[in-house]
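One structure is given here, and the rest of the page talks about it.
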Amino acid sequence: MNGTHQLADVGFHAGELAVQRRAGVEQNAARLSCMLDPAALTGGIPGFLSDRTFLVISGRDRASRLWTSALTGPPGFLKAQSDTTVAVRAVFPAGDPLHRLPTGQKIGMVTIEFATRRRVRINGTLSVSDVLLIEVEQAYANCPQYIQQRLLARDRSGALGSVRVRHGSTLSADDRGLIRAADTFFLGTANPERGVDASHRGGPSGFVRVDERGLWWPDYKGNNLFNSFGNIAVNPEASLLFLDFATGQTLHLSGTTEIEWGERGRFGDDGHTGRIARFTLQRSVAGRLLPARETAHNPYPPNPALTD
């Protein structure tokens, strides 16, 4: 990466700034802008990465459609190879929409330690696919808000290789049930100039609603950076990943998202921010592709109450 490219990618982009202005948090966000500086994987980040067993990646399939998928592995499967390079020693299984993820593309990642509610987001370019070698451009920790505590154990049944997946463009009754029961999902967004971002979304079960127009969720107060909403403001492409941690069931959705602004505290505005995100489905992949099972669960205590 040359110096000109690094300078072009520093700081907030136009979409993030526009959402920050409308939300009235420009000054608060500006204080955290250094988080978006070019990455150096130093301090405690390498150790944190090497201990992780769960990773979410947002990227594009061979048809350039955006998807978000999860990978698991033993401690060490995710490792900082240098100050600017991360290796992921795992591959997406057959049936996953990111199976054989093409190289040379921008991807976004988020890895979480559910037990302590710690997470790190990493954005960069995939340069090698057999071990998923990523040239890192951004890496920073996020706050513990809305992360449900979980203990996950690897599923050693070996059934993953024989899993059948269902492709579609509408939500089935089972899909709707999984979404309505979820207290966690992962969101992938993309900016034409900056690349792809993967983020965590959490709340009480039922915080993601499904109605005749599709599905939607309230936006909660966070770090005011608006990385995901900033991307959506300039590019509506989005991908969602829902997981049933108890059974390993997965639901991948690809489509578009728009931000709806309105009166704070209105129906469904659980976070009292005046913002909801509405997703329109284009493609879906459903299966049982998570090779891990939940053994303990504790909801995030300050989860906002549902308002409908």
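Note that the structure is predicted; figures quoted are calculated from it, not measured. These values consider heavy atoms only, across backbone and side chains, with no hydrogens, waters or symmetry-generated copies. Nothing fancy with the numbering, it's 1 onward along the sequence.
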Between the side chains of [Y] and [X], is the shortest nitrogen-to-carboxylate-oxygen separation below 4.0 Å, so that they form an ion pair?
| X | Y | value |
| --- | --- | --- |
| Lys106 | Glu137 | yes |
| Arg264 | Asp269 | no |
| Arg52 | Glu113 | yes |
| Asp175 | Arg166 | yes |
| Arg150 | Asp183 | yes |

Quiz item: Does Arg209 have any salt bridge (Lys or Arg N to Asp or Glu O under 4.0 Å) partners at least two apart in sequence or in another chain, and if so, which?
Solution: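 Asp270, Asp308.
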
Quiz item: Arg213: what forms a salt bridge (Lys or Arg N to Asp or Glu O under 4.0 Å) with it, not counting sequence neighbours?
Solution: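 In terms of salt bridge (Lys or Arg N to Asp or Glu O under 4.0 Å), with neighbours along the sequence ignored, Arg213 is linked to Glu260.
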
Any side-chain donor paired with an acceptor under 3.5 Å for [X] and [Y]?
| X | Y | value |
| --- | --- | --- |
| Asn142 | Arg119 | no |
| Ser254 | Ser239 | no |
| Asn235 | Glu237 | yes |
| Asn231 | His13 | yes |
| Asn227 | Glu16 | yes |
| Gln249 | Asp244 | no |
| Gln282 | Arg65 | yes |

Under a 3.5 Å distance rule, please check whether [X] uses its side chain to pair with a backbone N or O of [Y] as donor and acceptor.
| X | Y | result |
| --- | --- | --- |
| Ser82 | Thr85 | yes |
| Ser205 | Ala181 | yes |
| His99 | Phe92 | yes |
| Thr273 | Asp219 | yes |
| Ser127 | Leu133 | yes |
| Arg60 | Trp67 | no |
| Gln20 | Leu225 | yes |
| Asn303 | Tyr300 | yes |

Quiz prompt | Other residues, nucleotides, ligands: >12 heavy atoms within 6.0 Å of Arg100 CZ | solution = no

Within-4.5 Å side-chain heavy-atom neighbours: [X] and [Y]:
| X | Y | result |
| --- | --- | --- |
| Val285 | Asp96 | no |
| Thr68 | Leu240 | no |
| Leu152 | Thr72 | no |
| Val210 | Leu171 | yes |
| Arg121 | Asp197 | yes |
| Ser69 | His252 | yes |
| Leu101 | Leu132 | yes |

Quiz item: How are the rings of Phe245 and Phe114 set to each other: parallel, tilted or perpendicular (split at 30° and 60°)?
Solution: perpendicular

Exercise. Quick one: sort the Phe186 and Phe54 rings into parallel, tilted or perpendicular, breaks at 30° and 60°.
Key: tilted

Quiz item: Are Trp217 and Phe185 near enough that their ring centres are under 6.0 Å apart?
Solution: yes

Quiz item: Looking only at heavy atoms, what is the nearest atom pair of Leu126 and Pro102, with distance?
Solution: CD2-O, 3.4 Å

Quiz prompt | Least distance between heavy atoms, Pro204 atom then Pro304 atom | solution = CG-O, 3.2 Å

Exercise. Apply side chain to side chain contact (heavy atoms under 4.5 Å, CB included) to the pair Thr257 and Trp216, showing each step before the final yes or no.
Key: CA-CA 9 Å; Thr257 295; Trp216 58 275; over 6 Å; no

Quiz prompt | All pairs passing salt bridge (charged side-chain N to carboxylate O under 4.0 Å, His left out) where residues 20-30 contributes a residue, at least two apart | solution =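 Checked against salt bridge (charged side-chain N to carboxylate O under 4.0 Å, His left out) - neighbours excluded - no pair reaches residues 20-30.
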
Practice problem: List the steps and the verdict of side chain to side chain contact (heavy atoms under 4.5 Å, CB included) for His297 and Gln149. | Solution: CA-CA 6 Å; His297 175 251; Gln149 285 184 315; over 6 Å; no

Quiz item: Is there a side chain to side chain contact (heavy atoms under 4.5 Å, CB included) between Asn298 and Arg117 once you walk through the steps?
Solution: CA-CA 11 Å; Asn298 184 34; Arg117 300 190 175 105; 4.0 Å; yes

Exercise. With side chain to side chain contact (heavy atoms under 4.5 Å, CB included) as the test, would you mind laying out the steps for Ile107 and Thr125 before giving the verdict?
Key: CA-CA 6 Å; Ile107 65 172; Thr125 301; over 6 Å; no

Quiz prompt | Audit row: Asp211, Arg278, salt bridge (charged side-chain N to carboxylate O under 4.0 Å, His left out) steps and yes/no | solution = CA-CA 10 Å; Asp211 59 25; Arg278 186 171 291 278; 3.4 Å; yes

